[in-house]
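Some notes on the structure that comes next.
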Number of protein chains: 2
Amino acid sequence: MSQNQILQSLIADNLVSDPNGARGRLLTEAARLFREKGYERTTVRDLAAAVGIQSGSLFHHFRTKEEILKAVMVETIRLNTALMQAALEAAESNRAKLRGLIRAELESINGQTGEAMAVLVFEWRSLSASSQAEVLELRDIYEKLWLDVLESLKGEGALEAEPFVVRRMLTGALSWTVTWYKPERGGLTLDGLTDQVMAMMALESS
Amino acid sequence: MSQNQILQSLIADNLVSDPNGARGRLLTEAARLFREKGYERTTVRDLAAAVGIQSGSLFHHFRTKEEILKAVMVETIRLNTALMQAALEAAESNRAKLRGLIRAELESINGQTGEAMAVLVFEWRSLSASSQAEVLELRDIYEKLWLDVLESLKGEGALEAEPFVVRRMLTGALSWTVTWYKPERGGLTLDGLTDQVMAMMALESS
DNA sequence: ATTTACAAACCAAGCGCTTGCTTGGTATTG
DNA sequence: CAATACCAAGCAAGCGCTTGGTTTGTAAAT
C-alpha cells in the first residue's frame, strides 16, 4: 500500500482530516506555524490569518487553542502508526524491518508530515496534563512496533544494547534530524541517511 | 581537575556566575522554570518570585527577559566546553575519548546542569536571531572537540558512518535522555547508560 | 567612631499592549 | 429553512517592562 493510499484510508475512516478540507488545511497551517514559531508564540490571530478567516471564527472548529495542538499531534501519530505498520509488512528480515522503521520515521520527520512531527517533539509541554495522557496512549501502540523488532534483533545477536534504550536513543537521534537535515543540500538522500544510521549501529546489510 | 575545580576557575574568570550570588541564583531558577514550563510560559513575575524579589527588580540585573535566557545558554556552553576538554585530557585512546565525551555530556544533561542543558535544546527558537548567532559561535568550539575524536575513530576503522552525521545523531540521542532517563529508578547508572551508547555503536571496549 | 556620600539593589504601582476567547448577528450552503 | 460557516467588535486578564522613590551595603572623610 502506498503512502497516499494509507492516508486516503485513514481519511475515509475519519481518523485524520482531509488536508483539502477546511479542518485539515487549518491543521496543516497550524503545524507549520507551531513549528516555525512555537505554540506559545503563535497566536490565534496568526492561525486564522493563515487560512484567511477571522480569529474568532476559529472557535467554531475548535473549542480552544490547545485543542488545535492536540489535534495536530493525534492525527500525526495515527498516520505514522499506519505508515510504520506498512513498512513492517513490506520487510522480511528483522534487519530489514528495522531499516524500514528508520526509513519511515525519517520520512515522517523530514517529509510532508515533518512539521507536525516536529511539533510532536518540541511542543509536548504545551499540552495540558490530560491531553498528554491521551496522546501518550496512542504513542504506546506506535512504540510497541519498534520494540518488537529490536527485541528480535537482540535475540539474533545482532544487537548488544538493551532494546528499550536503543529505541529511545533512536527516537532522539531521528527526531533531531529535523534540526539539521536538508535533503536538497549536500546530496545526502533519505536512503543515504538511513544507511548512515544503520552503519552507526554496525548493522549495514552489506 | 575535578568538576568543581573547573567550575571555580570559570567563576574566577567571570565566565560563569557564582550559583551562590544573586545573579547565579536567578539563572539557576530561570533554568529550572524555563525547563519546567518553557520560556514563553514563564513570566517575569514567576522568575522574580522564585528568587524572592519584585518583578520590576529583575530589570536591574537584565535588560530584557530574553537576556536571561541567553545568559543561561551562554554560561551552560562555557561550562560544558570546559568539562569536555577535561574529559578529553583524561583519556588515552580515541575510543576512551569518545566514551569520555559521551559520559560527560550525559552528566551535563542529567546532572546538576541538566535543566540548563534542556533549555539549550528546547528553547532555542525563543532566542532572537542575533542572540542565536552569538550562542552558535560558542557552540562551534564545543562541537569541534567531538568531530576531532570521531574523525580519528573513522581513520582507525572503528567507525563506518560519517563523523558529522554520527555527531548529530549522538546530539539527538543524548539530549533526548533528558526526557526519559531517571537515575534513581531501574538501576541504570550514568556509566551503565554510557556503556549502552557505546554498545549501540558496537564500540564496547570489551 | 561617627558622619557623609553614593551606587547598587530593591519596592510599589501601573502603563500600554497583546492574548485567548465570547458575543450577537450575517452570509452561504444543501 | 435549518444548519453550518463566518464576521465585526470587544472584553477581561495577563504580559513585558517603566517609573519614581526608598532601603541597603560600602568606604572614604571627618
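The figures here come from the full heavy-atom set of this structure, side chains too, leaving out hydrogens, waters and symmetry mates. Below, read A as the first sequence line, B as the second, and so on, with proteins coming before strands; counting in each chain starts at 1.
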Requested in this report: Walk me through it: do A/Lys144 and A/Asp148 pass the test salt bridge (Lys or Arg N to Asp or Glu O under 4.0 Å)?
Outcome: CA-CA 6 Å; A/Lys144 182 135 192 350; A/Asp148 287 348; 3.0 Å; yes
Query raised in the report: Can you find a heavy atom in the side chain of A/Tyr142 that is under 4.5 Å from one in the side chain of A/Glu105?
Result: yes
Requested in this report: Flag the pair A/Val165 / B/Leu188 as yes when at least one side-chain heavy-atom distance between them is below 4.5 Å, and no otherwise.
Outcome: yes
Requested in this report: Anything under 4.0 Å to a heavy atom of chain B counts; send over the first and last such nucleotide of DNA chain D, read 5' to 3'.
Outcome: D/dC15 to D/dT18
Between [N] ([atom2]) and [X] ([atom1]): distance, integer Å:
X: B/Phe59; N: C/dC10; atom1: CZ; atom2: C1'; result: 14 Å
X: A/Arg41; N: C/dG20; atom1: CZ; atom2: C1'; result: 17 Å
X: A/Phe62; N: C/dT22; atom1: CZ; atom2: P; result: 15 Å
X: A/Lys65; N: C/dT18; atom1: NZ; atom2: P; result: 15 Å
X: A/Leu58; N: C/dG20; atom1: CG; atom2: C1'; result: 10 Å
X: B/Glu40; N: C/dG20; atom1: CD; atom2: C1'; result: 15 Å
X: B/Gln54; N: C/dA13; atom1: CD; atom2: P; result: 9 Å

Query - Distance-minimising heavy-atom pair for B/Met169 and A/Met200 - result: CB-SD, 3.7 Å
Query - Closest heavy-atom pair and its distance - B/Asn110, B/Val178 - result: OD1-CA, 3.9 Å
Report task. Under the side-chain contact (heavy atoms from CB on, under 4.5 Å) rule, collect the residues that match up with B/Glu123, sequence neighbours excluded. Result -> A/Arg125, B/Tyr39, B/Leu69, B/Met73, B/Val119, B/Ser126
Query raised in the report: More 5' along DNA chain C: A/Asp46 or A/Arg63, using each one's nearest nucleotide?
Result: A/Asp46
Query raised in the report: When we call it a touch if two heavy atoms are under 4.0 Å apart, what does A/Ser57 touch: a base, just sugar-phosphate, or nothing?
Result: base
Requested in this report: Mind checking B/Thr64 for me? I need base, sugar-phosphate or nothing, with any heavy atom below 4.0 Å counting as a touch.
Outcome: sugar-phosphate
Query raised in the report: Relative to the 5' end of DNA chain D, which residue comes earlier, B/His60 or B/Glu66, by the nucleotide with the nearest heavy atom?
Result: B/Glu66
Query raised in the report: Should we say atom CD of B/Gln8 is surrounded by more than 12 heavy atoms from elsewhere, each under 6.0 Å from it?
Result: yes
